[in-house]
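Here is the structure we will look at.
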Amino acid sequence: MRLSRYFLPILRETPKEAEIASHRLMLRAGMIRQEAAGIYSFLPLGLRVLQKICRIVREEQDRSGAIELLMPTIQPAELWRESSRYEAYGKEMLRIEDRHDRDMLYGPTNEEMITAIFRSYVRSYKDLPLNLYHIQWKFRDEVRPRFGLMRGREFLMKDAYSFDVDFAGAKHAYNRMFVAYLRTFARMGLRSIPMVAESGPIGGNLSHEFIILAETGESEVFCHRDYLNFEVPGPKVDFDNVAELQAIVEQWTSLYAATSEKHDAAAFAGLPAEKRVSARGIEVGHIFYFGTKYSAPMKALVAGPDGVERPVHMGSYGIGPSRLVGAVIEAFHDEAGIKWPEPVAPFRVMILNLKQGAAETGAACEKLYAALAAKGIEALYHDLDERPGAKFATADLIGIPWQILVGPRSLAEGKVEVKRRADGTRELMSPAAALARFSA
RNA sequence: CGGAGUGUGGCUCAGCCUGGUAGAGCACCUCGUUCGGGACGAGGGGGUCGCAGGUUCAAAUCCUGCCACUCCGACCA
């Protein structure tokens with residue numbers, strides 16, 4: 001992408017409403033625009049990151065055996081009356097009337113709807129286990145949205161719903177998501193720690209929040225330091241292997257880790273002092289087992305091998321991709337701007353023409369740009385008529401992992417400079433060598 | 001929902017106390033000189049001062065009401 005043909009509205013000064021780093025940097029880097037409290041447009045650069053995150057989420061959901069579908073944002077109120085949540089959900093739910101005066105709502109979550117889908121097609125244990133997910137916009141009318149994408153009212157959520165004949169099956173479904181989540185966040189460069197959590201309005205009694213430690217996190221959390229060194233399951237993990245998954249989950253729940261609501265000060269104090277981590281965290285995922293809370297009232301029944309119909313055992317599993325955009329920035333930034341981990345970076349390489357208009361640098365940049373495109377590598381070419389300093393500042397701000405600096409000084413020796421945004425290291429090399437660095 | 005603030009060109013803000021023809025920096029347009037860490041000069045365009053009422057000869061400024069947004073707290077799959 002040529003910057004001259006892109007839409008990247010960089011802000012040189014920080015908008016006053018932005019308090020935390022991720023919000024500030026997203027606004028400055030032209031990733032998002034606020035439309036109302038807790039409601040944002042994703043501008044092109046922000047959308048690219050969001051899509052990268054969603055792709056990783058999808059790949060790991062699919063790997064674990066979940067199946068994607070797509071439910072609407074608007075739901076009829078009747079469904080929610082069946083589970084008694086229409087009244088229970090309160091003002092957080094955005095209620096709408098259509099032209100026929102029917103009560104509708106903008107979905108804050110989808111347990112009711114997925115249960116309705118399930119019950120209209122599935123009758124037998126032979127069709128189980130089943131895990132259906134979608135990635136869809138949600139709306140929760142928070143009293144106080146804040147911190148940009150971290151706590152928006154409208155936000156993107158991946159929500160998965162599992163269906164099993166009994167608790168044993170449901171536990172394995174829970175374990176699948178547990179392991180998939182560890183992998184998902186790790187692929188974005190984030191270390192997540194599963195913490196015992198309240199299950200809230202979703203209900204149920206088995207629940208973990210996946211927390212990223214960050215100073216600006218909204219939750220107060222406590223955990224054992226060894227979690228920071230646990231090995232994340234690799235891509236070869238067998239999601240159908242009950243014992244294998246159970247062992248992973250047992251390891252990752254063996255040590256103390258809890259959010260403030262579930263915090264047991266006495267147990268925590270029992271840990272050796274140097275193992276105690278008391279910090280703030282960002283909740284990026286939350287998983288629940290809630291049994292028959294919805295299937296019983298909504299009559300989602302399946303016949304077992306004995307021919308008897310019983311309510312199906314369910315769980316639900318959420319990840320907030322839009323919140324993750326903020327969480328990744330919180331984890332990877334410095335004074336100058338964002339430092340994207342490669343898997344979620346909006347572009348992989350940025351070419352900086354340090355002397356726009358000069359024949360030699362222009363030709364070298366064009367050649368590099370074409371070669372990268374031919375290799376299928378996403379490159380952003382800064383070809384605007386700006387001075388080098390301004391280009392450096394822009395590049396550091398938007399945080400593309402690799403910068404190729406093409407200036408007359410090094411080009412005189414037939415070299416370009418390859419700079420790594422993460423640590424600022426630079427290397428002088430031929431354009432061919434720079435190209436060889438990158439493969440699709 | 002309790003508390004505290006803020007609304008003035010696209011952005012950051014000054015002006016308000018003490019009423020009198022709306023300002024700065026950045027950004028934008030034109031021309032020129034520049035070009036390895038957010039250049040310089042000259043010229044230029046752009047604002048119903050959040051909205052509605054009121055006071056006054058006169059309101060960005062004073063008064064009343066409303067709206068929006070932000071922060072702290074409570075709340076929050």
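Order of the sequence lines sets the chain letters (A, B, ...), proteins ahead of strands, with each chain counted from 1.
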Please report, rounded to the nearest Å, how far the P atom of B:C72 is from the CZ atom of A:Arg151. 12 Å
If you pin A:Tyr161 and A:Glu417 to their nearest nucleotides in RNA chain B, which one's is more 5'? A:Glu417
For A:Glu283, report the nucleic acid contact type (base, sugar-phosphate, nothing); a contact means any heavy atom under 4.0 Å. sugar-phosphate
A:Ser207 side chain vs A:Ile287 backbone, donor-acceptor pair below 3.5 Å: yes
Nearest whole angstrom, please: distance from the C1' of B:C76 to the CD1 of A:Ile211. 13 Å
Say we look at B:A27 and B:G44: how far apart would their C1' atoms be, to the nearest angstrom? 14 Å
Hydrogens and angles aside, do A:His208 and A:Tyr181 bring a side-chain donor and acceptor to less than 3.5 Å of each other? no
Rounded to whole angstrom units, what separation is found between the CZ atom of A:Arg33 and the P atom of B:C69? 13 Å
If I pick the C1' atom on B:C62 and the same atom on B:U70, what distance separates them, to the nearest angstrom? 26 Å
By the Watson-Crick or G-U definition, both distances under 3.5 Å, B:C49 is matched with none
Assign A:Ala18 to base, sugar-phosphate, or nothing according to its heavy-atom contacts below 4.0 angstrom with the strands shown. nothing
From the list B:C72, B:C35, B:C69, which nucleotide is the closest neighbour of the side chain of A:Arg146? B:C72
State whether A:Arg28 places a side-chain N or O below 4.0 Å from either non-bridging phosphate oxygen (OP1 or OP2) of B:C11. no
Could you please name the option among B:U8, B:G36, B:C1 that lies closest to any side-chain atom of A:Leu405? B:G36
Report which part of the nucleic acid A:Leu354 touches: base, sugar-phosphate, or nothing (heavy-atom distance under 4.0 Å, all strands). base
With no angle test and no hydrogens, is the base of B:G37 tied to the side chain of A:Lys419 by a donor-acceptor pair under 3.5 Å? yes
Strictly by Watson-Crick or wobble contacts shorter than 3.5 Å, is anything paired with B:U55, and which nucleotide is it? none
Please report, rounded to the nearest Å, how far the C1' atom of B:G36 is from the CD atom of A:Glu360. 15 Å
Distance flag, aromatic centroids of A:Phe167 and A:Tyr289, threshold under 6.0 Å: yes
So what does A:Asp159 touch, heavy atoms closer than 4.0 Å: a base, only the sugar-phosphate, or nothing? nothing
Using whole Å, report how far NE2 of A:His382 lies from C1' of B:G36. 14 Å
Atom CZ of A:Arg144 to atom P of B:G5: distance rounded to whole Å? 15 Å
Assign A:Pro9 to base, sugar-phosphate, or nothing according to its heavy-atom contacts below 4.0 angstrom with the strands shown. nothing
Is A:Arg95 positioned over the aromatic face of A:Tyr86, cation under 6.0 angstrom from the ring centre and no more than 45 degrees off axis? yes
Among B:C72, B:G37, B:U70, the one nearest any side-chain atom of A:Arg426 is B:G37
Would you mind classifying the nucleic acid contact of A:Lys16 as base, sugar-phosphate or nothing, using non-hydrogen atoms under 4.0 angstrom? sugar-phosphate
What integer distance in Å separates A:Met350:CE from B:G37:C1'? 14 Å
Give me the distance, rounded to whole Å, that separates B:G23 from B:U64 when you measure between the C1' atoms they each carry. 29 Å
C1' atoms of B:C31 and B:G45, separation to the nearest Å: 15 Å
Can you see if the side chain of A:Arg12 gets near the phosphate of B:C11 - specifically, an N or O under 4.0 Å from OP1 or OP2? no
Of all the choices, B:C11, B:G38, B:C69, which nucleotide is nearest to the side chain of A:Ala37 once you look at every atom? B:C69
With C1' as the reference atom in both, quote the distance from B:C69 to B:C51 in angstrom, rounded to an integer. 15 Å
P atoms of B:G9 and B:C49, separation to the nearest Å: 10 Å
Phosphate-side-chain proximity, A:Gln34 and B:A68, N/O vs OP1/OP2 below 4.0 Å: no
Counting only distance, no hydrogens or angles, is the base of B:G37 paired donor-acceptor with the side chain of A:Glu386 under 3.5 Å? no
Run the salt-bridge test on A:Lys355 and A:Glu360 with the 4.0 Å N-O cut-off and return the result as yes or no. no
Using both distances under 3.5 Å as the test, list the Watson-Crick or G-U wobble partner of B:C31, or none. B:G41
Is B:C11 paired to anything, Watson-Crick or G-U wobble with both distances less than 3.5 Å, and if yes, which nucleotide? B:G25
Expressed in whole Å, how much space separates the C1' atoms belonging to B:U8 and B:A74? 34 Å
What I want to check is whether an N or O donor and acceptor connect the side chain of A:Arg387 with the base of B:U34 at under 3.5 Å. yes
Check each of A:Glu92, A:Arg153, A:Met93 against A:Phe139 using the side chain to side chain contact (heavy atoms under 4.5 Å, CB included) test, and report the only one that passes. A:Arg153
G-U wobble or Watson-Crick pairing nucleotide for B:U18 (cut-off 3.5 Å, both distances): none
Closest-nucleotide mapping onto RNA chain B: is A:Lys138 or A:Thr14 further toward the 5' terminus? I mean the 5' end. A:Thr14
With the threshold set at 4.0 Å, does a side-chain nitrogen-carboxylate oxygen contact exist between A:Asp383 and A:Arg5? no
Strand partner of B:C69, provided both Watson-Crick or wobble distances fall under 3.5 Å: B:G5
Can you tell me how far C1' in B:A22 sits from the matching atom in B:C29, rounded to whole Å? 22 Å
When you get a sec, tell me which of B:G36, B:G73, B:C11 is the closest nucleotide to the side chain of A:Phe392? B:G36
Could you check which nucleotide pairs with B:G36 in any of the strands shown, counting Watson-Crick or G-U wobble with both distances under 3.5 Å? none
Which is it for A:Gln34 and A:Tyr40 under the side chain to side chain contact (heavy atoms under 4.5 Å, CB included) test, yes or no, and what are the steps along the way? CA-CA 4 Å; A:Gln34 181 168 340; A:Tyr40 294 86; 3.5 Å; yes
Please determine whether a side-chain nitrogen of the Lys or Arg among A:Arg102 and A:Glu78 lies less than 4.0 Å from a carboxylate oxygen of the Asp or Glu. yes
Side chain of A:Glu13, heavy atoms from C-beta onward: which of B:G25, B:G36, B:G38 has the nearest atom to it? B:G25
A:Glu142 has its side chain closest, among B:C76, B:C69, B:C11, to B:C76
In this structure, how many angstroms lie between the P atom of B:A27 and the CG atom of A:Leu8, rounded? 16 Å
